[in-house]
Amino acid sequence: QVQLVESGGGLVQAGGSLRLSCAASGLTFSSYAMGWFRQAPGKEREFVAAITRSSVFAYYGDSVKGRFTISRDDAKNTVYLQTNSLKPEDTAVYYCAATRVSYISAYYDQSNYDYWGQGTQITVSS
């Protein structure tokens with residue numbers, strides 16, 4: 001059974017940082033590209049970042065470029081999202097997801113992901 005378990009969310013002041021983790025089990029982690037999405041109340045789920053197998057490439061949504069960094073540790077079956085310079089508009093539930101697809105446009109589309117975590121909340125106060 002595949003499980004993705006996020007952690008590291010919390011309440012932070014604007015300008016602060018948080019590091020999210022997503023621990024995967026039940027799949028061959030190195031065979032999957034990993035992504036982070038987020039969903040704010042009343043809004044659609046939004047692409048945040050993705051990282052390819054072997055960390056060859058990383059992709060980011062326009063709203064987080066230059067502030068967030070995605071990374072992975074295949075030895076630990078874990079993907080990370082370092083969030084810096086947080087803004088109130090970053091407040092959302094953050095989800096990690098796994099996909100076997102390997103073309104760039106696919107990473108941005110949540111429908112291409114096979115497995116999802118339960119989410120972790122980031123709340124940024126102004």
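Quick note: numbers below take in every heavy atom, side chains included, and nothing from hydrogens, waters or symmetry partners. The model shown is predicted, which means the values in this text are computed figures rather than measured ones.
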For R38, which of E44, E89, E46 qualifies under salt bridge (charged side-chain N to carboxylate O under 4.0 Å, His left out)?
-> E46
Atom pair OG/CG of S54 and D74 - distance to nearest 0.5 Å = 6.5 Å
Backbone N or O of A24 within a donor-acceptor pair of the Q3 side chain at under 3.5 Å?
-> no
Residues F68, N84; criterion side chain to side chain contact (heavy atoms under 4.5 Å, CB included); working and verdict | CA-CA 6 Å; F68 292 9; N84 298 329; 5.8 Å; no
Can the ring centroids of F37 and W116 be said to lie less than 6.0 angstrom from one another?
-> yes
To the nearest 0.5 Å, atom OH of Y113 lies from atom SG of C96 at 10.5 Å
Do Y115 and V79 belong together in a cluster built from hydrophobic side chains that touch within less than 4.5 Å?
-> yes
Say whether, by atom type as modelled, one donor and one acceptor occur between the side chain of T91 and the main chain of V124 under 3.5 angstrom.
-> yes
Within the side chain of T83, is there an N or O that forms a donor-acceptor pair under 3.5 Å with the backbone of L18?
-> yes
Taking the side chain from D90 and the backbone from K87, do they hold a donor-acceptor pair closer than 3.5 Å?
-> yes
Scanning both residues in full, the closest heavy-atom pair of P88 with A14 reads CD-CB, 4.2 Å
Taking E6 for the side chain and Q118 for the main chain, is one N or O donor matched with an acceptor at less than 3.5 Å?
-> yes
Considering all heavy atoms, the nearest G9-I122 contact = CA-CG1, 4.3 Å
Check: Y60 side chain, R67 main-chain N or O, donor-acceptor pair, under 3.5 Å = no
Close side-chain approach of V12 to T123, heavy-atom, < 4.5 Å = no
State, with a plain yes or no, whether a side-chain heavy atom of L20 is found less than 4.5 Å away from one of T120.
-> yes
So which heavy atom on A98 is nearest to which on M34, and how close?
-> CB-SD, 3.5 Å
Taking C-beta and beyond as the side chain, do I51 and W36 meet within less than 4.5 Å on heavy atoms?
-> no
CD1/I104: more than 12 non-hydrogen atoms of other groups inside 6.0 Å = no
What do the steps show when you test Y59 against T52 for side chain to side chain contact (heavy atoms under 4.5 Å, CB included), and what is the final call?
-> CA-CA 9 Å; Y59 304 95; T52 61; 3.9 Å; yes
Determine whether more than 12 heavy atoms belonging to other residues, nucleotides or ligands lie under 6.0 Å from atom CZ of F57.
-> no
For R19 and S7, test the side chains for any donor-to-acceptor distance below 3.5 angstrom and give the result as yes or no.
-> no
Within 45° cone and under 6.0 Å: R72 NZ/CZ vs Y80 ring = no
Check: F29 main-chain N/O paired with S31 side-chain donor or acceptor under 3.5 Å | no
Main-chain N/O of V48 paired with Y108 side-chain donor or acceptor, under 3.5 Å = no
Note: G119 and V93 closest approach over all heavy atoms is CA-CG1, 3.8 Å
Test item: Y32 and R100 side chains (from C-beta on) under 4.5 Å apart, heavy atoms = yes
Going from CG on L4 to CG on L27, what distance comes out if it is rounded to the nearest 0.5 angstrom?
-> 6.5 Å
Residues K65 and D62 bridged, charged N to O under 4.0 Å | yes
Hey, are N112 and Q110 close enough side-chain-wise for a donor-acceptor pair under 3.5 Å?
-> no
Report yes if some heavy atom in the side chain of Y107 is under 4.5 Å from a heavy atom in the side chain of S102; otherwise report no.
-> yes
Contact check, side chains of Q82 and S17, non-hydrogen atoms, under 4.5 Å = yes
Flag, side chain of T99 to backbone of V101, donor-acceptor distance under 3.5 Å = yes
Between F47 and I70, is there a shared hydrophobic cluster once you connect ILVMFWY residues whose side-chain heavy atoms come closer than 4.5 Å?
-> no
